[in-house]
Amino acid sequence: MSYRIDVEVNSSSTKIPSVENIELWITTALQSDELNEAEVSVYIVDEPESQELNAQYRNKDKPTNVLSFPADIPDEVGVPLLGDLVICAPVVEREAQEQGKTLEAHWAHMLVHGTLHLLGYDHIEDDEADVMEALETRLITQLNFPAPYTETIDD
């Protein structure tokens, strides 16, 4: 398997996980879909940029934990770009504290969650949410973190 994960940080947070951990968490999610090849870009931002992007692309004028932008490239082109994830470090930090989770566990969850969106999973309908949350729980516990769902996430 060949995965390329590019990480760019445009955040003042000092609590961002290592690139190695980010790669591990995304790779774990990618392997669940048995992809042989994939490229994912991760862009870590602060609240103003997250709010701007969330307003522009989702018409929600507030910062959010993770935004997923799947690549819209036809399969026949043969480019392995899966898409982009935008993670808001301050929101992830605040949510981890509010939810009583370790920061590392919540970062892992947000990166797995966002990657699953890139793979086509969603949680708009209850049956889709059940499938996605079960897979997230399996992957997060496989990574030796506690099961992520004690409440609904805000994405």
Side-chain angles (χ1 to χ4, degrees), residues 1-13 16-96 105-140 142-143 145 148-149 151-155:
M1 288 177 252
S2 173
Y3 301 132
R4 179 178 172 167
I5 298 157
D6 296 312
V7 179
E8 183 178 343
V9 178
N10 188 26
S11 170
S12 59
S13 174
I16 296 169
S18 69
V19 170
E20 292 78 19
N21 280 343
I22 291 170
E23 290 173 345
L24 170 66
W25 301 330
I26 291 173
T27 297
T28 298
L30 294 173
Q31 289 172 340
S32 73
D33 207 52
E34 300 181 4
L35 287 178
N36 289 324
E37 191 176 21
E39 283 185 38
V40 174
S41 293
V42 180
Y43 186 48
I44 301 170
V45 300
D46 286 331
E47 288 176 300
E49 192 166 3
S50 174
Q51 182 168 342
E52 182 181 316
L53 291 168
N54 202 23
Q56 181 178 353
Y57 292 101
R58 297 179 66 227
N59 296 315
K60 294 185 179 189
D61 193 22
K62 64 179 186 172
T64 189
N65 48 26
V66 59
L67 291 166
S68 302
F69 297 97
D72 190 17
I73 300 171
D75 290 340
E76 58 272 9
V77 173
V79 176
L81 180 62
L82 197 57
D84 303 323
L85 298 176
V86 178
I87 309 286
C88 183
V91 171
V92 173
E93 291 164 17
R94 186 172 51 254
E95 287 177 346
H106 198 47
W107 268 100
H109 181 210
M110 291 300 93
L111 287 160
V112 165
H113 181 87
T115 302
L116 292 180
H117 275 309
L118 295 179
L119 292 169
Y121 290 88
D122 212 331
H123 48 81
I124 294 171
E125 302 295 329
D126 287 345
D127 58 332
E128 292 175 336
D130 291 343
V131 169
M132 185 171 178
E133 289 175 11
L135 180 54
E136 285 175 85
T137 298
R138 182 174 65 79
L139 295 171
I140 292 299
Q142 176 184 323
L143 288 163
F145 293 113
Y149 286 106
E151 58 183 70
T152 305
I153 62 168
D154 175 37
D155 95 325

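- Here the options are Val66, Leu111, Val19, the test is side-chain contact (heavy atoms from CB on, under 4.5 Å), and the partner is Val42; only Leu111 passes.
- More than 12 heavy atoms of other residues, nucleotides or ligands sit less than 6.0 Å from atom CG of Asp127.
- A side-chain donor-acceptor contact under 3.5 Å links Asp46 to the backbone of Ser12.
- Taking CZ of Arg4 as the start and CD of Glu37 as the end, the distance is 11.0 Å to the nearest 0.5 Å.
- Across all non-hydrogen atoms, the minimal contact from Ala55 to Asp61 is CB-OD1, 4.0 Å.
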TODO: Check step by step if side chain to side chain donor-acceptor pair (under 3.5 Å) holds for Gln31 and Tyr3.
DONE: CA-CA 10 Å; Gln31 289 172 340; Tyr3 301 132; 5.1 Å; no

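- If you run side chain to side chain donor-acceptor pair (under 3.5 Å) between Tyr43 and each of Asn10, Asp84, Asp6, only Asn10 comes through.
- For the atom pair Thr28 OG1 and Glu23 CD, the distance stands at 11.5 Å (nearest 0.5 Å).
- Using a 4.5 Å cut-off on side-chain heavy atoms (C-beta onward), Glu47 and Cys88 make contact.
- Across all non-hydrogen atoms, the minimal contact from Val112 to Trp25 is CG2-O, 3.6 Å.
- Within the 4.5 Å cutoff, side-chain heavy atoms of Leu135 are placed close to those of Leu139.
- For the pair Gln51 and Pro63, the tightest heavy-atom approach, listed with the atom from each and the gap, is OE1-CD, 3.5 Å.
- Side chain of Asn65 to backbone of Val91: no donor-acceptor contact under 3.5 angstrom is found.
- Separating the CD1 atom in Ile87 from the OG1 atom in Thr64 is a distance of 9.5 Å, to the nearest 0.5 Å.
- Asp122 and His117 get closest at one heavy-atom pair: OD1-CE1, 3.6 Å.
- Pro17 and Ile22 get closest at one heavy-atom pair: O-CD1, 3.8 Å.
- Under a 3.5 Å cut-off, the side chain of Ser68 and the backbone N or O of Gly114 do form a donor-acceptor pair.
- Atoms NE2 and OH, on His109 and Tyr149 in that order, are 3.5 Å from each other to the nearest 0.5 Å.
- Here the shortest heavy-atom pairing between Leu67 and Leu53 reads CD1-CB, 3.7 Å.
- For the atom pair CD1 (Ile5) and CD1 (Ile26), the distance works out to 5.0 Å, reported to the nearest 0.5 Å.
- Considering only heavy atoms from C-beta on, Trp107 comes within 4.5 Å of Ile44 through its side chain.
- Between Tyr121 and His113, the gap from one ring centroid to the other reaches at least 6.0 Å.
- Side-chain contact check for Leu30 versus Leu119: some heavy-atom pair is nearer than 4.5 Å.
- Remark: Ser32 OG to Gln142 CD distance equals 8.5 Å, nearest 0.5 Å.
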